[in-house]
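These numbers come from the heavy atoms of this one structure, side chains and all, not from hydrogens, waters or symmetry mates.
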Amino acid sequence: MTFNRRQFVQMLILATPAIGSFPKFAYAQTPTGPYSLPPLPYAYDALEPYIDRETMQFHHDKHHQAYVNNLNSALKKYPNLHDQSIEQLILNLDKLPADIRTTVRNNGGGDLNHTMFWQIMSPTGKREPSGQLARAIEAKFGSFDEFKNAFTQAGLKVFGSGWVWLVLDKSANLDIMTTANQDSPLLSGFYPIMGNDVWEHAYYLKYRNLRAEYLKQWWNVVNWDEVSRRYLQAKKAS
Ligand code: MN3
């Protein structure tokens, strides 16, 4: 399994001549550099009572902004990389100048992950998946509740800072995975359909040390229309 996934990523990278055209698998095109902080698609307090205004302000304006700033500052001396999307940078990490690899992994990952995170939450909308995504989740996990439970348990088990994900593999199969720090699932050949941030900065002001409660309440703000859109596009590209 691991070998196959590695091979797959290698294939993606080899198929990307000198950081050229973007691999088909990772369809999503974020803007090229220098990068900027995307505006939050709703008000800071829109996700209350589940995620509070202060957390959103700090998380978006301070934490996410810092990832963007660090990424731009690392790329400053490499103008030849400024036409790259963040997905391209992440998928081509091994080809980047050695002195910026870790910064791009952490801060490019941070920017990419958070840009998705704001979009896959919303104050309104359906609170469970429908259509093809709902059927795929049921086929893989048994039921939506079993999926939620498995995702929540995986999120609880992340030691330290990281993310829990629903991903799509190269054969268009869904799976749950976790990553440390700001690592994107793209690094290991999976496409992130949705992810929850389990860094303490995502929940500590409101939930303190109770990550389980945060993970449970987070289901109240998932934007299933956007998650479905990501699933269908990735599935088409896989
Ligand atoms: Mn975060």
Side-chain angles (χ1 to χ4, degrees), residues 5-41 44 56-121 161-163 165 167-168 170 179-195 197 199 201-202 226 229-230 233-234 236-238:
R5 281 202 297 271
R6 284 212 178 119
Q7 272 188 317
F8 176 55
V9 178
Q10 284 302 321
M11 189 193 74
L12 282 180
I13 291 168
L14 290 172
T16 309
I19 316 192
S21 60
F22 193 67
K24 200 178 155 209
F25 179 73
Y27 65 90
Q29 294 286 357
T30 52
T32 57
Y35 303 95
S36 55
L37 181 68
L40 204 60
Y44 293 115
M56 291 300 283
Q57 261 169 342
F58 271 84
H59 202 173
H60 178 268
D61 295 5
K62 304 294 183 192
H63 291 277
H64 190 171
Q65 180 74 66
Y67 298 128
V68 172
N69 293 348
N70 293 337
L71 182 63
N72 284 335
S73 129
L75 291 178
K76 211 168 200 165
K77 61 175 174 167
Y78 297 105
N80 60 312
L81 295 173
H82 289 186
D83 64 344
Q84 302 294 306
S85 70
I86 294 167
E87 289 98 331
Q88 282 172 310
L89 295 176
I90 300 262
L91 281 169
N92 288 286
L93 211 55
D94 292 350
K95 287 182 181 170
L96 296 181
D99 64 318
I100 62 166
R101 247 173 245 161
T102 303
T103 304
V104 169
R105 178 176 184 156
N106 291 336
N107 294 279
D111 185 17
L112 188 64
N113 296 343
H114 286 83
T115 297
M116 172 218 67
F117 188 57
W118 313 131
Q119 289 167 355
I120 60 136
M121 298 192 291
S161 298
W163 289 74
W165 304 95
V167 296
L168 203 70
K170 59 179 169 144
T179 58
N181 306 315
Q182 292 297 349
D183 282 355
S184 167
L186 290 175
L187 287 170
S188 42
F190 295 94
Y191 191 80
I193 303 296
M194 68 188 285
D197 186 345
W199 284 56
H201 69 224
E226 174 61 11
R229 191 194 64 77
R230 292 176 66 89
Q233 283 203 42
K236 199 157 62 177
S238 68

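- Tyr44 and Asp61 form a side-chain donor-acceptor contact under 3.5 Å, judged by distance and modelled atom types alone.
- At a cut-off of 3.5 Å, with distance as the only test, no side-chain donor of Trp199 or His63 sits close to an acceptor on the other residue.
- For the pair His60/Leu37, a side-chain contact is recorded, criterion being any heavy-atom separation below 4.5 Å from C-beta on.
- A heavy-atom distance below 4.5 Å is not found between the side chains of Phe190 and Lys170.
- The distance from atom CD of Glu87 to atom CG of Asn92, rounded to the nearest 0.5 Å, is 11.5 Å.
- Of all heavy-atom pairs between Ile86 and Gly108, the closest is CG2-O, 3.3 Å.
- Proximity of Ile100 to Pro97: side-chain heavy atoms (C-beta onward) are separated by under 4.5 Å at one or more points.
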Report task. May I have the step-by-step check of side chain to side chain contact (heavy atoms under 4.5 Å, CB included) for Trp163 and Met116, ending in yes or no? Result -> CA-CA 12 Å; Trp163 289 74; Met116 172 218 67; 4.0 Å; yes

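- For the pair His114 (side chain) and Gly110 (backbone), a donor-acceptor distance under 3.5 Å is present.
- With hydrogens and angles disregarded, a donor-acceptor distance shorter than 3.5 Å links the side chain of Asn72 to the backbone of Tyr35.
- The two residues Asp183 and Thr179 make their nearest non-hydrogen contact at O-OG1, 2.8 Å.
- For the side-chain contact (heavy atoms from CB on, under 4.5 Å) test, residues two or more places apart in sequence or in another chain that qualify with Gln119 are Thr115, Glu226.
- With 3.5 Å as the limit, one finds a donor-acceptor pair spanning the side chains of Gln182 and Asn113.
- A side-chain donor-acceptor contact under 3.5 Å links Arg230 to the backbone of Pro192.
- Between the side chains of Asp99 and Tyr78, at least one donor N or O lies within less than 3.5 Å of an accepting N or O.
- Annotation: the span from Leu81 atom CG to Leu75 atom CG amounts to 6.0 Å, rounded to 0.5 Å.
- Contact of the Leu93 side chain with the Leu187 side chain is registered, since non-hydrogen atoms from C-beta on lie closer than 4.5 Å.
- Nearest heavy atoms, Gly195 versus Trp165: CA-CE3, 3.5 Å.
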Query raised in the report: Between His59 and His201, does a ring-ring contact (aromatic ring centres under 6.0 Å, His included) hold up when you go through it step by step?
Result: CA-CA 7 Å; His59 202 173; His201 69 224; 4.4 Å; yes

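- Taking every heavy atom of both residues into account, Lys76 and Pro79 meet most closely at O-CD, 3.9 Å.
- Counting heavy atoms from C-beta on, the side chains of Thr102 and Asn106 come closer than 4.5 Å.
- Put simply, CG on Leu71 and OG on Ser36 are 11.0 Å apart, with the number rounded to the nearest 0.5 Å.
- Residues satisfying the ring pair (Phe, Tyr, Trp, His ring centres under 6.0 Å) criterion with His82, sequence neighbours excluded, are absent altogether.
- Expressed to the nearest 0.5 Å, how far CD1 of Ile120 lies from CZ of Arg229 amounts to 11.5 Å.
- Interatomic distance, CD1 of Ile90 versus CG of Asp111, reported as 9.0 Å (0.5 Å rounding).
- Rounding to the nearest 0.5 angstrom, the gap separating the NE2 atom in His64 from the CG atom in Asn107 is 10.0 Å.
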